**Q** 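Below is the structure I would like to discuss, written out as structure tokens.
Throughout, numbering of the chain's residues begins at 1 and tracks the sequence. As the structure is a computational prediction, the values presented were derived from the model and not from experiment.
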Amino acid sequence: MNFYEERLINESTIERKFTHNPGYAFPWHRDSEDRKIIIIDCGEGWYYQTDNCLPEVLKPNKVIQINKNTFHRLLGGNESLVIHIIKEKGIGR
């Protein structure tokens with residue numbers, strides 16, 4: 001099940017839009033490459049959580065570095081969330 005729509009911005013950047021899902025805990029997952037996430041737009045109540053950490057609130061312009069193979073998830077908010085995902089090479093090695 002896809003929880004988002006996405007579009008390619010360039011060869012290393014994807015824009016993802018998540019629809020509102022108040023209180024929904026998205027599945028834990030990990031990625032096979034390092035990523036930088038930039039919060040473009042978000043409504044109230046969106047959170048990001050990494051394994052063994054408390055959730056942190058998301059706000060526009062927040063930048064999150066996610067190293068490959070790090071478990072993480074989103075917690076849904078009251079309005080849509082738009083992020084840019086930048087795939088990086090060499091970070092976290």
Side-chain angles (χ1 to χ4, degrees):
M1 172 180 205
N2 257 356
F3 301 103
Y4 54 83
E5 297 174 9
E6 74 177 21
R7 71 180 180 96
L8 188 63
I9 293 176
N10 60 45
E11 67 181 37
S12 63
T13 305
I14 297 169
E15 181 176 270
R16 232 174 238 178
K17 181 178 181 180
F18 295 83
T19 57
H20 70 284
N21 269 307
Y24 179 74
F26 288 80
W28 286 100
H29 69 282
R30 55 187 174 176
D31 302 308
S32 60
E33 68 263 331
D34 299 323
R35 295 175 170 208
K36 182 175 10 179
I37 308 298
I38 302 170
I39 308 306
I40 303 301
D41 189 28
C42 68
E44 296 284 321
W46 282 94
Y47 291 86
Y48 167 78
Q49 184 177 21
T50 57
D51 197 23
N52 295 319
C53 294
L54 293 173
E56 57 186 89
V57 68
L58 296 180
K59 297 193 182 259
N61 300 314
K62 182 175 184 75
V63 177
I64 301 169
Q65 181 66 48
I66 304 174
N67 294 329
K68 73 176 188 173
N69 297 321
T70 300
F71 278 103
H72 60 282
R73 69 176 176 171
L74 288 172
L75 301 170
N78 298 323
E79 298 171 32
S80 295
L81 169 68
V82 179
I83 63 174
H84 284 181
I85 301 168
I86 302 168
K87 298 179 181 182
E88 299 183 324
K89 296 180 181 177
I91 307 295
R93 293 191 191 349

**Q** Is the NZ or CZ atom of R73 both under 6.0 Å from the centre of the six-membered ring of F26 and within 45° of that ring's axis?
**A** no
**Q** With a sphere of 6.0 Å drawn around CG of L8, does it hold more than 12 non-hydrogen atoms of other residues, nucleotides or ligands?
**A** yes
**Q** Taking atom CD of E5 as the centre, report whether more than 12 heavy atoms of other residues, nucleotides or ligands fall under 6.0 Å from it.
**A** no
**Q** Show your reasoning for whether salt bridge (Lys or Arg N to Asp or Glu O under 4.0 Å) applies to E15 and R7.
**A** CA-CA 5 Å; E15 181 176 270; R7 71 180 180 96; 3.1 Å; yes
**Q** Any link between V82 and F18 through a network of hydrophobic side chains (Ile, Leu, Val, Met, Phe, Trp, Tyr) touching at under 4.5 Å?
**A** no
**Q** Charged N to carboxylate O below 4.0 Å: is that the case for E33 and R35?
**A** yes
**Q** Could you point out which residue of E88, K36, H72 forms a side-chain contact (heavy atoms from CB on, under 4.5 Å) with I66?
**A** H72
**Q** Other residues, nucleotides and ligands only: do more than 12 of their heavy atoms fall within 6.0 Å of CD on E44?
**A** no
**Q** Regarding E79 and H20, do their side chains bring together a donor and an acceptor under 3.5 Å, going by distance alone?
**A** no
**Q** Can you name the closest pair of heavy atoms from I40 and P60 and give their distance?
**A** O-CB, 3.9 Å
**Q** When rounded to the nearest 0.5 angstrom, what is the spacing between CD1 in I85 and CD1 in I14?
**A** 5.5 Å
**Q** Are L81 and Y24 linked, directly or through intermediate hydrophobic residues, by side-chain heavy-atom contacts shorter than 4.5 Å (ILVMFWY only)?
**A** yes
**Q** Between T13 and N10, is the side chain to side chain donor-acceptor pair (under 3.5 Å) condition met? List the steps.
**A** CA-CA 5 Å; T13 305; N10 60 45; 3.2 Å; yes
**Q** If the threshold is 4.0 Å, N to carboxylate O, is there a salt bridge linking K87 and E11?
**A** no
